[in-house]
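One-based numbering, in listed order, for ligands and for the atoms of each.
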Amino acid sequence: MPKIVVLGAGINGISTALAIQESIPKCQVIKQRMNLSVCVSSYPDVQFQIFPVTVISDRFSPNTTSDVAAGLIEPYLCDDDVDRIIKWTRTTILRIQEYMAGGHPGAEEQSGYYLSSVKSIPKWLEVMKNVHILSEKEMKEVAKRPEHKFGFFYTTWYLEPTAYIKWETEQFLKNGGQFLQQKINKIDDVSKMGYDVIVNCTGLGSREMVGDKEVYPTRGQVLRVECPRVKHFLIDDEYYALLNENTITLGGTQDRNQWNTTINPILSQKIFEENCRNIPSLRSARILSAHVDLRPTRGTVRLEAEPNGKVIHNYGHGGSGITLHWGCAMECVNLVKKMMLEEKKNSKI
Ligand SMILES: Cc1cc2nc3c(=O)[nH]c(=O)nc-3n(C[C@H](O)[C@H](O)[C@H](O)COP(=O)(O)OP(=O)(O)OC[C@H]3O[C@@H](n4cnc5c(N)ncnc54)[C@H](O)[C@@H]3O)c2cc1C
Ligand SMILES: N[C@H](Cc1ccccc1)C(=O)O
């Protein structure tokens, strides 16, 4: 009976733990009514759970990096292979559409503009809806700055991390999942805890916990404001105003190798002013809060099983952790299944 543990409770940790439960039936509690024809009676609900899944983390939502994210579905600050990114993004979009179909909170389509000083059409645009490259005439109407030379309109989604992780957590617990609050100093400490499969989703924490100096912080500061008049997002080369359920997230900064998580009020003012230049209606916005966190940035997302080991890594999503989460979680499930099969074969010997 392999014991599975997931390290980390951000969007990648919780999603991977839930994906394992949903994809490996023995990893969730199955309630079955045992109807016996002989005495035309039925046993009380019988619960089967063979492989419990545990999540160990030092912090939980709403106190993770994931909770600070604007929730925009769009790859950013992730230099991974673009086809891998697109594959993961597509899987996430399907999951969001299922989540939306369930009427759950914090997810919706959002449409808007990407305005830039350079003419370039990102490959990830192929996963978006209603894509329209702006004509010169349309650019004249939409551009807010002389450097806005090129742009396009499209529809993507937002997925509010805190609301979504809350829902995922409820499903995870319903499936018999368990939580343990603990800081892991070295991943080897977990091996000694008797787990057979360890999935590492600790984001930037992997720098110390696994000793991976390839993962580093990119500091991001944002504002949450209320401004019902604004109906479209607007992203340009430096700033962004992104829709959420009842608020707008204004960003944004991307300072590599900056560890400081103290909010800089001067920066907040600049983020507000620059976004008002792009969307004048924001002048009437009510500023609700400011946030800072550190994007777990890495050349590529580390999503792999350690050879001949029991550890699977899923971290280093940069500015795209919400965008890639379900695609990465499902790829982790395949690695877990493979590892369990290996384990079964070896134990037979
Ligand atoms: C300002 C800002 C805006 C963003 N906007 C977006 C966006 O719009 N769209 C998008 O796709 N992405 C966005 N991102 C990026 C996104 O937030 C991250 O990529 C994502 O949160 C990474 O998720 P994660 O679960 O891997 O890491 P985290 O959310 O950091 O979770 C890591 C977990 O591991 C735990 N942990 C770490 N080390 C240890 C340890 N040693 N022992 C025990 N537990 C440990 C932590 O407590 C935490 O629970 C944004 C990021 C920032 C900073
Ligand atoms: N991905 C988000 C928001 C963003 C979207 C588009 C461009 C830049 C940033 C971030 O990391 O801040």
Side-chain angles (χ1 to χ4, degrees), residues 5-17 55-78 85 88-89 92 96 110 112 114 116 122 124 156-162 165 168 179-187 189-190 200-210 215 217-224 233-244 249-255 258 261 263 271 290-298 301-303 313-329:
V5 65
V6 175
L7 307 180
I11 193 163
N12 284 304
I14 299 291
S15 302
T16 303
V55 168
I56 300 179
S57 186
D58 60 350
R59 284 176 292 117
F60 291 82
S61 178
N63 304 312
T64 69
T65 302
S66 298
D67 294 286
V68 171
L72 174 78
I73 301 307
E74 181 171 310
Y76 172 69
L77 211 59
C78 184
I85 286 178
W88 290 333
T89 305
T92 295
I96 291 172
Q110 61 170 324
Y114 195 116
S116 176
W124 52 255
T156 177
W157 292 261
Y158 66 74
L159 179 68
E160 290 190 10
T162 304
I165 294 172
E168 287 195 307
F179 285 118
L180 206 54
Q181 179 170 25
Q182 186 180 339
K183 180 169 174 71
I184 304 292
N185 293 318
K186 288 292 168 216
I187 197 157
D189 302 344
V190 186
N200 169 31
C201 300
T202 54
L204 186 58
S206 285
R207 186 178 170 89
E208 290 314 317
M209 196 195 68
V210 175
V215 65
T218 301
R219 184 185 186 278
Q221 182 162 323
V222 291
L223 293 177
R224 295 268 194 275
F233 67 78
L234 196 153
I235 300 167
D236 77 3
D237 296 326
E238 278 196 76
Y239 300 99
Y240 57 75
L242 305 171
L243 305 189
N244 279 167
T249 301
L250 304 182
T253 64
Q254 37 279 353
D255 300 306
Q258 291 299 319
T261 53
I263 291 164
I271 289 169
H291 307 268
V292 173
D293 218 301
L294 308 175
R295 301 176 186 85
T297 316
R298 193 174 185 275
V301 173
R302 186 177 185 195
L303 209 171
H313 295 290
N314 177 21
Y315 66 87
H317 302 80
S320 310
I322 316 308
T323 302
L324 306 177
H325 82 276
W326 198 252
C328 292

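- Listed by chain and number, the residues in a side-chain hydrogen bond (donor to acceptor under 3.5 Å, both in side chains) with D237 are S116, S117 (sequence neighbours excluded).
- Listed by number with element, the atoms of ligand 1 under 4.0 Å from a non-hydrogen atom of G205 are 37 (C), 38 (N).
- Residue nearest to atom 6 (C) of ligand 1, selected from C328, A69, P161: A69 (by heavy-atom distance).
- At least one heavy atom of I11 sits closer than 4.0 Å to an atom of ligand 1.
- Qualifying ring-ring contact (aromatic ring centres under 6.0 Å, His included) partners for Y114, counting only residues two or more places apart in sequence or in other chains: F152.
- Contacts with ligand 1 closer than 4.0 Å are made by no heavy atom of H291, backbone or side chain.
- For Y158, the side-chain hydrogen bond (donor to acceptor under 3.5 Å, both in side chains) partners are E245, not counting sequence neighbours.
- Checked against a 3.5 angstrom limit, the closest N/O atoms of A9 and ligand 1 fall inside it.
- Note: an N/O pair closer than 3.5 Å links S57 and ligand 1 by distance alone.
- Here C201 has backbone heavy atoms under 4.0 Å from ligand 1, and that is the only part of it that gets that close.
- The G71 neighbourhood of ligand 1 comprises atoms 7 (C), 8 (O), with distances under 4.0 Å to a heavy atom of that residue.
- Below 3.5 Å of separation, one finds no N or O of P296 facing any N or O of ligand 1.
- Polar contact check, Y240 against ligand 1: no nitrogen or oxygen pair lies under 3.5 Å apart.
- For atom 36 (N) of ligand 1, the nearest non-hydrogen atom from the set V215, D58, N185 belongs to D58.
- If you check the side chains of S15 and N12, you find no donor sitting under 3.5 Å from an acceptor.
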Just list the N/O pairs, ligand 2 to protein, that are under 3.5 Å apart, with the distance for each.
{"unit_1": "ligand 2", "atom_1": "1 (N)", "unit_2": "G319", "atom_2": "O", "d": "2.9"}
{"unit_1": "ligand 2", "atom_1": "11 (O)", "unit_2": "R295", "atom_2": "NE", "d": "2.7"}
{"unit_1": "ligand 2", "atom_1": "12 (O)", "unit_2": "Y240", "atom_2": "OH", "d": "2.7"}
{"unit_1": "ligand 2", "atom_1": "12 (O)", "unit_2": "R295", "atom_2": "NH2", "d": "2.8"}

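- At a heavy-atom distance under 4.0 Å, only side-chain atoms of V222, from C-beta outward, approach ligand 1.
- Residue-to-ligand polar distances keep F60 apart from ligand 1: every N/O pair is separated by 3.5 Å or more.
- Here is the list of ligand 1 atoms found below 4.0 Å of a heavy atom in D293: 53 (C).
- When G203, S15, P217 are ranked by how near their heavy atoms come to atom 27 (O) of ligand 1, first place goes to G203.
- The shortest N or O to N or O distance between N314 and ligand 1 is not under 3.5 Å.
- Of the candidates G10, G321, S66, S66 brings a heavy atom nearest to atom 23 (O) of ligand 1.
- In this comparison of E74, Q182, R207, H325, the heavy atom closest to atom 43 (C) of ligand 1 sits on Q182.
- Between I184 and ligand 1, at least one pair of N/O atoms sits closer than 3.5 Å.
- A donor-acceptor contact shorter than 3.5 Å is absent between the side chain of S66 and the backbone of T64.
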